[in-house]
K.L.:
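Below: one structure in structure tokens.
Side chains included, hydrogens not; waters and symmetry mates left out as well; all remaining heavy atoms used.
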Amino acid sequence: MNHSQKRIAVLGSTGSIGTQTLDIVRRHPDRFRVVGLAAGHNSDAFQAQVAEFLPTLSATGDASTPEGLANIAGSPSVDAVVLAIPGLAALAPALAAIKEGKIVALASKEVLVVAGELVMSEVARTGAALLPVDSEHSALWQCLAGEPSDAVSRLILTASGGPFFRRSNEELESVTPEEALAHPTWRMGPKVTTDSATLMNKAFEVMEARWLYDIDYDHIDVMIHRQSIVHSMVEFTNGTLKSQLSMPDMRLPIQYALAYPERIERPSDWREMDYSIEQTFEALDRDRFPCFWIAIDAARSGKTFPAVLNAADEIAVELFLSGAIPFNSIPTLIRDALDSHTPVNQPTLDDLLAADTWARDHVRNAARER
């Protein structure tokens, strides 16, 4: 074995981030070796991955309980964990890897949305490296590199605005799951794509930025940038603005996190930057995208509200995609869950999991009663 290879576990290997991670490993076999794979289902795709990469650790379906995933993430044979599984199932493996001081390439938003304070205090304790895989957070990370924290005025995350940016609230009543899944720029799973249509996904990214970069919500803004070429920006106290640009391709932030602190060669099929594309920016309208503003209010409230927000959104999106509720009912159900919740101060992991379970049940019941 080449000892310069980084030994990687990919949790969520058959999803969008997982498959692109494996594409990077294929291109750089001298740098990376897959020692762990996990997926939600024991599919033909997963079996093909196991046959190709021959990991010593693997788990699927029922075996991918938080405990099974945590065993892979915390294994001494793993140097870096790519965390790309949806939902709260990502939390236990994240904490297991952090506890062992590993590199965690984070694509699972729920980890910081639900348990930001808990997770970051553990990162501080163990010295683990929590590296973002999202294009927006990778951009912020690169813009902040080498800059003193007291020189940062604000973080500006960019948002494509999703497929419904120009639709009126009346038009949104009748949109279909198929329309919601037709994202203008990125190819992602159905949950994340729907969250991009409501802009809940962007609110989650604001919450992640608060924890990743230790900056309060008053200093984090969002701008609509339809072209998805400026991935985010940092404004400094002297008025300077730094941004990171590239054509939209998730392999860039994945590769940057995997190879950090090096920048390795781009794939041969990489799309070169097209400088002729006009770049436009718009402020986020307070009257549009209610999910975004509901989420920011929950984030500022803290306690167990973010856990309820995340779980309520997950079930509401699930109900919409199955045709059980209209698109505009997603924010209504989420707001109802938050309004009905009795929060817990300084929640433990058990408190967060209990709030998650409560919120799921509450939204399902509320939807049945509608």
K.L.:
For the residue pair F165 and F289, categorise the inter-ring angle as parallel (less than 30°), tilted (30 to 60°) or perpendicular (more than 60°).
P.N.:
parallel
K.L.:
Are V50 and L54 grouped together when hydrophobic residues (ILVMFWY) are joined by side-chain heavy atoms under 4.5 angstrom apart?
P.N.:
no
K.L.:
Any chance the side chains of D30 and Q5 put a donor and an acceptor closer than 3.5 Å?
P.N.:
no
K.L.:
With sequence neighbours excluded, tell me which residues meet salt bridge (Lys or Arg N to Asp or Glu O under 4.0 Å) with R288.
P.N.:
none
K.L.:
Do Q142 and R263 have a side chain donor and acceptor closer than 3.5 Å?
P.N.:
yes
K.L.:
Less than 4.0 Å between a side-chain N and a carboxylate O, is that true for K109 and E205?
P.N.:
yes
K.L.:
Can you confirm whether more than 12 heavy atoms, excluding those of K242, are under 6.0 Å from its NZ atom?
P.N.:
yes
K.L.:
Charged N to carboxylate O below 4.0 Å: is that the case for D218 and R300?
P.N.:
yes
K.L.:
Is the count of non-hydrogen atoms from other residues, nucleotides or ligands lying under 6.0 Å from D214 atom CG greater than 12?
P.N.:
no
K.L.:
Indicate whether any N or O donor in one side chain lies under 3.5 Å from an N or O acceptor in the other, for Q244 and S138.
P.N.:
no
K.L.:
Ignoring hydrogens and geometry beyond distance, is a side-chain donor-acceptor pair present between E136 and S232 at under 3.5 Å?
P.N.:
no
K.L.:
Are side-chain N/O atoms of H219 and S153 paired as donor and acceptor at under 3.5 Å?
P.N.:
no
K.L.:
Give a yes or no on whether L252 and I103 share a hydrophobic cluster (residues Ile, Leu, Val, Met, Phe, Trp, Tyr; joining criterion: side-chain heavy atoms under 4.5 Å apart).
P.N.:
no
K.L.:
To the nearest 0.5 angstrom, please state how far the CD atom of E314 sits from the CG atom of D195.
P.N.:
9.0 Å
K.L.:
Could you list the residues that satisfy ring-ring contact (aromatic ring centres under 6.0 Å, His included) with H225, not counting sequence neighbours?
P.N.:
F281
K.L.:
Any luck finding a side-chain donor-acceptor pair between E117 and S121 under 3.5 Å?
P.N.:
no
K.L.:
Set out, in order, the CA-CA distance, both residues' side-chain angles and the distance that settles ring-ring contact (aromatic ring centres under 6.0 Å, His included) for F46 and H41, then state yes or no.
P.N.:
CA-CA 8 Å; F46 184 74; H41 306 285; over 10 Å; no
K.L.:
Kindly assign one of parallel, tilted or perpendicular to the pair W358 and H362, based on the angle between their ring planes and the thresholds 30° and 60°.
P.N.:
parallel
K.L.:
With the threshold set at 4.0 Å, does a side-chain nitrogen-carboxylate oxygen contact exist between E262 and R31?
P.N.:
yes
K.L.:
Do W270 and I229 belong to the same hydrophobic cluster, where Ile, Leu, Val, Met, Phe, Trp and Tyr are linked whenever their side-chain heavy atoms lie under 4.5 Å apart, directly or via other members?
P.N.:
no
K.L.:
With a 3.5 Å cut-off and no angle check, do the side chains of S246 and H231 form a donor-acceptor pair?
P.N.:
yes
K.L.:
At what distance, to the nearest 0.5 angstrom, does OG of S75 lie from CZ of R7?
P.N.:
8.0 Å
K.L.:
Does K191, at its NZ atom, have more than 12 non-hydrogen atoms belonging to other residues, nucleotides or ligands within less than 6.0 Å?
P.N.:
yes
K.L.:
Do L88 and V344 sit in the same hydrophobic cluster, where Ile, Leu, Val, Met, Phe, Trp and Tyr count as joined when their side-chain heavy atoms come under 4.5 Å apart?
P.N.:
no
K.L.:
Would you say the side chains of Q20 and S16 form a donor-acceptor pair under 3.5 Å?
P.N.:
yes
K.L.:
Cut-off 3.5 Å, side chains only: do D350 and T348 have a donor facing an acceptor?
P.N.:
no
